[in-house]
Amino acid sequence: MSLFSLGLVRAIVGQILGMLTGMATTMLIRVMLGLPAWAAEPSWTVGAIFSIIGALWAVGALSDWAKWMKGEETPMHHGPPEGKPAWTRYFGVDYNHKVIGVQYTVWGIFLLLVGGTMALIFRTELAESGRQFLSLELYNNFIGMHGFIMIFAILLGIGGMANYLVPLMLGAEDMAFPRLNALGFWFNVPGSLLLLSSLFIGGWDAGWTAYPPLSARGPIGYQLFFLGVFAVGLSSIVGSLNLLVTILQMRPKGMSLFKMPIFCWAVFATSLIQLTATQLIGLSFLMVSTQRALGMGFFDPGLPGATLMTGLGDPILFQHLFWFYSHPAVYIFILPGLGIISELLPVFSRKPLFGYKWIALSSLAIAIVGFLVWGHHMFVSGYAPVLRYAFMYSSLLVAVPTGVKFFSWLGTLWGGKLTFETPMLFVLGAISVFLIGGLSGPILGTVPSDLPLHDTYFVVGHFHATMFGGFVFPFFAALYFWFPKVTGRMYNETLGKIHFAIMTPAFWVQTLGQMGVGVMGMRRRIADYDPTLGGGSIEAWQLSITIAGFLIGFGVLLMLWNFFQSAEVGVLAGDNPWRSRSPEWQIPSPIPEHSFASPMVVHGEPYDYGLPEPYVAFAAAGDD
């Protein structure tokens, strides 16, 4: 078997060839127009667009659509590729939702490691005041790169959980549109590689928000960054559409919306945001890209552009477009994680989920209210002062549906027969960390307290607590919880608990330390700081944050080692080691190619632990 037979290798080669083809095409057109052949901005921009298409074409993600255009039939293939080892299907186009879920998850973990490594590099720079080893330009590039790589990693992690679990929880054989599902994943590969490669052609030094006018005038790496985000955004849109149709149209007999597993509700609310808001991040970055490439002054106050009143561009317009997506995106990141918390708590407390309908509806409420709060990121931007009041009150309103979840979790835990396996520990850790993010949020959503804290490390600490509590800890809980279902083997429980014991206090130190140095006056996105801040104690705080970051990284590596080892030599798990009522635990482990041997029928409630009636049953042969 040749290396080129792996789809991932073909995608990378196709992306390189696509980039060269796009550049050559641009140069040819410029020569025909009587212009100098080489111009960096248009050549790299068109090359990046071609590179995305080249990667998708080379890996085969567009093959079936091309055959349809020619009138050819495209029968659905099940199982590993013919004549190749079974593991190769994870490196190419595959239409099985379980394979695609694993692809999303593994690529997300890869990006998590890359983004985390960059964070450790610049955290080492900040351990002491004064310049250590990073130039100012490289530091700024690492800051922005870390931010967006981690966002990509979170989106991929969400895609992995949703793709693997939602059809199984619904008793569906696959997603509604399997080919679109595969295409959605493969958009992420060239998008991620464009983002990473931008570092080598100048990078982008405006931070992860990429505000113009700086991003409209900076290095050429911005164009690869913009188009990489655009590709990953397309993945989010097609993936969310697929999930919405699957949830609405493929539920089994007896499963009303209020009998779905609560994780499906979380994915449903998340998909609504992704489908309706992701266009705004693509639009805002596309407008900056065209401003750079074609001189269209959307956001540059010195160029004729989009503002009709003045005839000049307006950089504040970008902030409105960017944050109209990017704050709802926070709920894209955390709602699936909160759904994991709600899904696992009843299993390890052996109690019904307290307030099931309230938790389900609170996810929708968060999704709706999340579209009304973007302006709290712009309190210091100079927009009309009266808008501050509206955005302040709407931001505080988000605490209501979020509080519903906290009280429901406490109600589920109260009086339960609690056990503390590793997934449960990470769920409890998630609640503690997310509480830190939740309590620090209103401070930044209230105008008087936000103004002095804006652009300080207090914001960094709040955001990391929200992301770790809302996604990272629940994601790790999900990995431990469903690892036996995916592999058929148990992980090492001792190593899992050591991972928790290292990571949780380390993160408390990190996030509270970041908030502390922010109150001292430490600004974010700067490579150096005044050692006299905080009465001269800031260096000790910065060192503790850096050490905590390395401990978190060690914990993640320990988890991966645990999984790699246990997948080969772990104890056989059986079909349902957690005694869960959820549908995916009622079928064999690991799950066969065709997940369900017969149709599923819902009889009971999803979280009625302690009652004899099962949640689901499987129809006998000949039953409707």
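Note: Phe463 CZ to Thr466 OG1 = 7.5 Å, rounded to the nearest 0.5 Å. Going from atom CZ of Phe298 over to atom CG of Asp314 covers 13.0 Å, rounded to the nearest 0.5 Å. Taken to the nearest 0.5 Å, the OG atom of Ser271 stands 9.5 Å off from the CG atom of Leu248. Separation of atoms CG (Leu444) and CG (Leu453) is listed at 6.0 Å; rounding is to 0.5 Å. Atom-to-atom distance recorded for Met27:CE and Met23:CE is 9.5 Å, nearest 0.5 angstrom. Separation of atoms NE2 (His454) and OG (Ser449) is listed at 13.0 Å; rounding is to 0.5 Å.
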**Report entry** Worked verdict on Tyr222 versus Trp44 for side chain to side chain donor-acceptor pair (under 3.5 Å)
**Finding:** CA-CA 10 Å; Tyr222 278 104; Trp44 281 105; over 6 Å; no
Report task. For side chain to side chain donor-acceptor pair (under 3.5 Å), just list the numbers for Lys67 and Thr74, CA-CA rounded to whole Å, side-chain angles, deciding distance to a tenth of an Å, and then say yes or no. Result -> CA-CA 7 Å; Lys67 291 178 181 178; Thr74 56; over 6 Å; no
Requested in this report: For side chain to side chain contact (heavy atoms under 4.5 Å, CB included), just list the numbers for Ile100 and Tyr95, CA-CA rounded to whole Å, side-chain angles, deciding distance to a tenth of an Å, and then say yes or no.
Outcome: CA-CA 7 Å; Ile100 295 172; Tyr95 298 141; 5.5 Å; no
Report task. Give the intermediate values and the outcome of side chain to side chain contact (heavy atoms under 4.5 Å, CB included) for residues Met19 and Phe50. Result -> CA-CA 6 Å; Met19 177 72 77; Phe50 274 58; over 6 Å; no
Requested in this report: Mind running side chain to side chain contact (heavy atoms under 4.5 Å, CB included) on Leu286 and Phe230 for me, showing each step along the way?
Outcome: CA-CA 8 Å; Leu286 186 62; Phe230 199 88; 4.2 Å; yes
Query raised in the report: Given the rule in the side chain to side chain contact (heavy atoms under 4.5 Å, CB included) test, do Leu196 and Ile149 qualify, once you have shown the distances and angles that lead to the verdict?
Result: CA-CA 8 Å; Leu196 294 171; Ile149 286 176; 3.3 Å; yes
Report task. Might you work through the ring pair (Phe, Tyr, Trp, His ring centres under 6.0 Å) test for Tyr104 and Phe185, ending with a clear yes or no? Result -> CA-CA 7 Å; Tyr104 268 105; Phe185 166 73; 5.3 Å; yes
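Between Phe226 and Trp204, the distance separating the two ring centers is not shorter than 6.0 angstrom. Note: Phe148 and Phe152 meet the aromatic proximity criterion, with ring centroids under 6.0 Å apart.
Among residue pairs with one or both ends in residues 229-244, none qualify as salt bridge (Lys or Arg N to Asp or Glu O under 4.0 Å); sequence neighbours excluded. The salt bridge (Lys or Arg N to Asp or Glu O under 4.0 Å) contacts involving residues 201-226 comprise Arg217-Asp300, where partners must be two or more places apart or lie in separate chains. Residues in residues 13-28 take part in no salt bridge (Lys or Arg N to Asp or Glu O under 4.0 Å) pair, two or more places apart or across chains.
Applying the side chain to side chain contact (heavy atoms under 4.5 Å, CB included) test between Met118 and each of Leu199, Leu113, Asn141 identifies Leu199 as the sole match.
Residues Asp174 and Asn96 approach most closely at OD2-CA, 3.6 Å, considering heavy atoms. The two residues Ile52 and Pro190 have their closest heavy-atom pair at CA-CB, 4.1 Å.
A 6.0 Å sphere centred on CE of Met76 holds more than 12 heavy atoms belonging to other residues, nucleotides or ligands. Within 6.0 Å of atom CZ in Phe391, more than 12 heavy atoms from other residues, nucleotides or ligands are found, so the atom counts as buried in its surroundings. Atom CD of Gln249 sits in a sparse spot, with 12 or fewer heavy atoms from other residues, nucleotides or ligands closer than 6.0 Å. Around the OH atom of Tyr393, the shell of radius 6.0 Å holds no more than 12 heavy atoms that belong to other residues, nucleotides or ligands.
Of the possible donor and acceptor atoms, one in the side chain of Ser440 sits under 3.5 Å from a partner among the backbone N and O of Gly437. The closest donor-acceptor contact from the side chain of Ser51 to the backbone of Gln15 lies at 3.5 Å or more, if one exists at all. A donor-acceptor pair is defined here as one N or O able to donate and one able to accept, closer than 3.5 Å; no such pair exists between the side chain of Thr402 and the backbone of Ala399. The backbone N or O of His462 sits nowhere less than 3.5 Å from a side-chain atom of Gln514 that would complete a donor-acceptor pair. Under a 3.5 Å cut-off, the side chain of Thr278 and the backbone N or O of Leu275 do not form any donor-acceptor pair. Of the possible polar contacts, none joining the Thr511 side chain to the His464 backbone as a donor-acceptor pair under 3.5 Å is found. Ser198 places a side-chain N or O within donor-acceptor distance of the main-chain N or O of Leu195, the cut-off being under 3.5 Å. Under the 3.5 Å distance criterion, the side-chain polar atoms of Asp450 are left unmatched by any main-chain donor or acceptor of Thr446. In this structure a side-chain-to-backbone donor-acceptor pair under 3.5 Å is missing from Gln274 to Ile237. A distance-only check finds no donor-acceptor pair linking the side chain of Lys405 to the backbone of Leu338 [under 3.5 Å].
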Would you list the atom pairs, donor with acceptor, under 3.5 Å between side chains in residues 154-165 and any protein atom, with sequence neighbours excluded?
residue, atom, partner, partner atom, Å
Asn163, OD1, Asn181, ND2, 2.8
Asn163, ND2, Gly159, O, 2.8

Output a table of donor-acceptor pairs, distance under 3.5 Å, between side-chain atoms of residues 370-387 and any protein atom two or more places apart or on a different chain; print 'none' if there are none.
residue, atom, partner, partner atom, Å
Trp374, NE1, His320, ND1, 3.1
His376, ND1, Val373, O, 3.0
His376, ND1, Ser395, OG, 2.6
His376, NE2, His327, ND1, 3.4
His377, NE2, His327, ND1, 2.8
Ser381, OG, Met378, O, 2.8
Tyr383, OH, Gly375, O, 2.8

Let me have the donor-acceptor pairs involving side chains of residues 468-479, under 3.5 Å, with sequence neighbours excluded, atom names and distances please.
none

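Side-chain contact between Leu56 and Ile53: absent, with no pair of heavy atoms (C-beta onward) separated by less than 4.5 Å.
The salt bridge (charged side-chain N to carboxylate O under 4.0 Å, His left out) check on Arg30 picks up nothing, with sequence neighbours excluded. With sequence neighbours excluded, the residues forming a salt bridge (charged side-chain N to carboxylate O under 4.0 Å, His left out) with Arg524 are Asp455, listed by chain and number. Residues forming a ring pair (Phe, Tyr, Trp, His ring centres under 6.0 Å) with Phe434 (at least two apart in sequence, or on another chain): Phe406. In terms of the salt bridge (charged side-chain N to carboxylate O under 4.0 Å, His left out) criterion, Arg388 has no residue partners (sequence neighbours excluded). Scored by the ring pair (Phe, Tyr, Trp, His ring centres under 6.0 Å) test, Tyr325 finds no partners at all (sequence neighbours excluded). Under the salt bridge (charged side-chain N to carboxylate O under 4.0 Å, His left out) criterion, Glu41 pairs with Arg292, sequence neighbours left out.
Aromatic ring pairs are classed by plane angle as parallel below 30°, tilted from 30° to 60° and perpendicular above 60°; the pair Phe285 and Phe318 is parallel. Using bins of under 30°, 30° to 60° and over 60° for the plane-to-plane angle, the ring pair Trp208/Trp323 lands in the perpendicular bin.
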